[in-house]
Engineer: 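Have a look at this one before I ask anything.
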Amino acid sequence: MNVNGQRYRTIWTADTGQDVEIIDQTRFPHVFTTTTLKTVEDAAHAIRVMQVRGAPLIGATAAYGVALAMRADTSDDALMSAYSLLLATRPTAVNLRWALDRVRKALLTVDEKDRVAAAYKLASDVCDEDIAINMAIGLHGSEIIANIARTKKPGEKVNILTHCNAGWLATVDWGTATAPIYMSHDGGIPVHVWVDETRPRNQGAFLTAWELGHHGVPHTVIVDNAGGHLMQRGEVDMVIVGTDRTTASGDVCNKIGTYLKALAARDCGIPFYVALPSPTIDFTLTDGLNEIPIEERSGAEVSSLTGRTKSGSIETVDIVADGSNVANPAFDVTPARLVTGLITERGVVDASQQAIAKAFPDRISASA
Ligand code: MRU
């Protein structure tokens, strides 16, 4: 995507070809800065503190993390310890395990002397594939938006609600939930996006709004609790969200608060779509509510807020009464029955075990 006229991916190799550059997402929206990862520990740290976040980008960073580890030591032991270190960084997004399994499996078949080059190539392939997947999701999703524009809103803008950031910052490029939006906008369909702020880390207000603004997509940031009201008033035509892990039966785990949007959408008869790249499908699970590990994050994310003061400095302030307990579950699970469709790289698929298996028979056998 373009940032002030310069073309960016969210992760790339430096001119040396071996250091890895990322956009530091902890500084948004007020500071755009990049950071260099030189070691596997740097990569693990970047994922853990959410300098990089979003399921696909976590996977891509982990793949490069293994390459950084190989740069220091190409032994099997180093490979295994890089795998374990990176896998432990965040528990919910399954793209992390998907990327690490893929890279580890491939490297174990490669002679140690060739592992550095092979690891960088594997990581680069993960990134290129992510972009191709997201572009395909964009094409399939933009057909849904075009259909709504044609049949329900001729001559008017299509209002789309999204939650968290499933934008290009969450992927290598394009985003998942945002790819259909960018393609529709670029194709001349008038769209407007309701951006859930997404407390506690404000990925909507900090990241999605920044992205859409840079691409010129009309959007409005709302508090998380406003979505139901807007849906009741007919001001939302569809919902598109991303996902961190979707089970083989179509249960969708995504940023906390997604489930409430799905409930409100169902009550109001509004289509609720999930943009789902196949590396985010966990074919080993069928019961999202009981089987998907939900990350519990620090209560400090709930009890404080960071922002820019009038004088321009970035400050963090406490917002919860002293002494109150706080809890911070970071994801929730939307049962498959509330999902209108899964927008995958292979087309729009029903959120059911049968439909997912039919669309991805090769992935099922690979994960067995
Ligand atoms: O905690 P985060 O910011 O990593 O959570 C991100 C999300 O929940 C996204 O919606 C999801 O990863 C899909 S990104 C294409």
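Just follow the structure's listing: the first ligand is 1, and inside any ligand the first atom is 1.
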Engineer: If you measure from each non-hydrogen atom of Pro56 to ligand 1, which part falls under 4.0 Å: side chain, backbone, both or neither?
Structural biologist: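 Contact part for Pro56 vs ligand 1: side chain (C-beta onward).
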Engineer: Run the numbers for me: atoms of ligand 1, each under 4.0 Å from some heavy atom of Cys164, listed by number.
Structural biologist: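 Checking each atom against Cys164, I get 5 (O), 6 (C), 7 (C), 8 (O).
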Engineer: Tyr259 and Asn254: side-chain donor and acceptor closer than 3.5 Å?
Structural biologist: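 Asn254 and Tyr259 do not have a side-chain donor-acceptor pair below 3.5 Å.
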Engineer: Under 3.5 Å, is there a donor-acceptor pair linking the side chains of Gln354 and Ser352?
Structural biologist: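 Distance-only check fails for Gln354 and Ser352.
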Engineer: Side chain or backbone of Asn165 under 4.0 Å from ligand 1, or both, or neither, by non-hydrogen atoms?
Structural biologist: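 It is the backbone that touches ligand 1; the side chain stays farther off.
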Engineer: Which atoms of ligand 1 are found less than 4.0 Å from any heavy atom of Ala166?
Structural biologist: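 Under 4.0 Å from Ala166, ligand 1 has these atoms: 14 (S), 15 (C).
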Engineer: Number the atoms of ligand 1 from 1 as they appear, then name those within less than 4.0 Å of a heavy atom of Lys255, with their elements.
Structural biologist: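 Once the distances to Lys255 are compared, the set is 1 (O), 2 (P), 5 (O), 8 (O).
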Engineer: For atom 11 (C) of ligand 1, what is the nearest protein heavy atom, given as residue, atom name and distance?
Structural biologist: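 Nearest neighbour among protein heavy atoms for atom 11 (C) of ligand 1, to 0.1 Å: Asp244 OD1, 3.2 Å.
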Engineer: Check whether the side chains of Asn134 and Thr176 place a donor and an acceptor atom closer than 3.5 Å, and report yes or no.
Structural biologist: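 Note: Asn134 and Thr176 side chains miss the donor-acceptor criterion.
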Engineer: Can you check whether Tyr182 and Trp168 have ring centres sitting under 6.0 Å from each other?
Structural biologist: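 Ring centroids of Tyr182 and Trp168 are no less than 6.0 Å from each other.
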Engineer: Can you report which non-hydrogen protein atom sits closest to atom 15 (C) of ligand 1, along with the distance?
Structural biologist: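 Ranked first by proximity to atom 15 (C) of ligand 1 is Thr176 OG1, 3.1 Å.
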Engineer: Ala55 heavy atoms, cut-off 4.0 Å: which ligand 1 atoms fall inside?
Structural biologist: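 In order of numbering, the contacting atoms are 12 (O), 14 (S).
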Engineer: Taking 4.0 angstrom as the limit, do Lys121 and Asp128 come out as a salt bridge?
Structural biologist: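 Looking at Lys121 and Asp128, the cut-off is not met.
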Engineer: Can you classify the ring geometry of Tyr64 versus Tyr120 as parallel (below 30°), tilted (30 to 60°) or perpendicular (above 60°)?
Structural biologist: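 Tilted.
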Engineer: Tell me: protein heavy atom nearest atom 14 (S) of ligand 1, and distance?
Structural biologist: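 Nearest neighbour among protein heavy atoms for atom 14 (S) of ligand 1, to 0.1 Å: Ala170 CB, 3.5 Å.
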Engineer: Around atom 6 (C) of ligand 1, find the nearest protein heavy atom and jot down its residue, atom name and distance.
Structural biologist: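 In this structure, atom 6 (C) of ligand 1 has Arg53 NH2, 3.5 Å as its nearest protein heavy atom.
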Engineer: Check ligand 1 against Met50 and write out every atom of the ligand that is under 4.0 Å from a heavy-atom position of the residue.
Structural biologist: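 Heavy-atom distances to Met50 below 4.0 Å select 1 (O), 2 (P), 3 (O).
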Engineer: Begin with the C-alpha distance, continue with both residues' side-chain angles, and end with the deciding distance and a verdict on side-chain contact (heavy atoms from CB on, under 4.5 Å) for Ile58 and Asn95.
Structural biologist: CA-CA 7 Å; Ile58 290 172; Asn95 304 56; 5.8 Å; no
Engineer: Against heavy atoms of Gln203, which atoms of ligand 1 measure under 4.0 Å?
Structural biologist: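 That gives atoms 1 (O), 2 (P), 3 (O) of ligand 1.
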Engineer: Working to the nearest 0.5 Å, report the span between CD of Gln203 and CZ of Arg53.
Structural biologist: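 Separation between the atoms: 5.5 Å.
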Engineer: Can you tell me which residue and heavy atom of the protein come closest to atom 9 (C) of ligand 1, and the distance to 0.1 Å?
Structural biologist: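 That would be Asn254 OD1, 3.5 Å.
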Engineer: Touching ligand 1 at all, Arg201? Heavy atoms, strictly under 4.0 Å?
Structural biologist: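 No, Arg201 has no heavy atom closer than 4.0 Å to ligand 1.
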Engineer: Using a strict 4.0 Å cut-off to heavy atoms of Arg90, name the atoms of ligand 1 that fall inside it.
Structural biologist: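 Matching atoms, with element in brackets: 1 (O), 2 (P), 4 (O).
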Engineer: For Thr92 and Pro293, work out which heavy atoms get closest and say how close.
Structural biologist: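 For Thr92 and Pro293, the tightest heavy-atom pair comes out as OG1-O, 2.7 Å.
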Engineer: If you measure from the Lys or Arg side-chain nitrogens to the Asp or Glu carboxylate oxygens, is any gap between Arg71 and Asp19 under 4.0 Å?
Structural biologist: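 Yes.
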Engineer: Please could you name the atoms of ligand 1 that Thr243 approaches to less than 4.0 Å, counting only its heavy atoms?
Structural biologist: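 Per the distance check, 11 (C), 13 (C).
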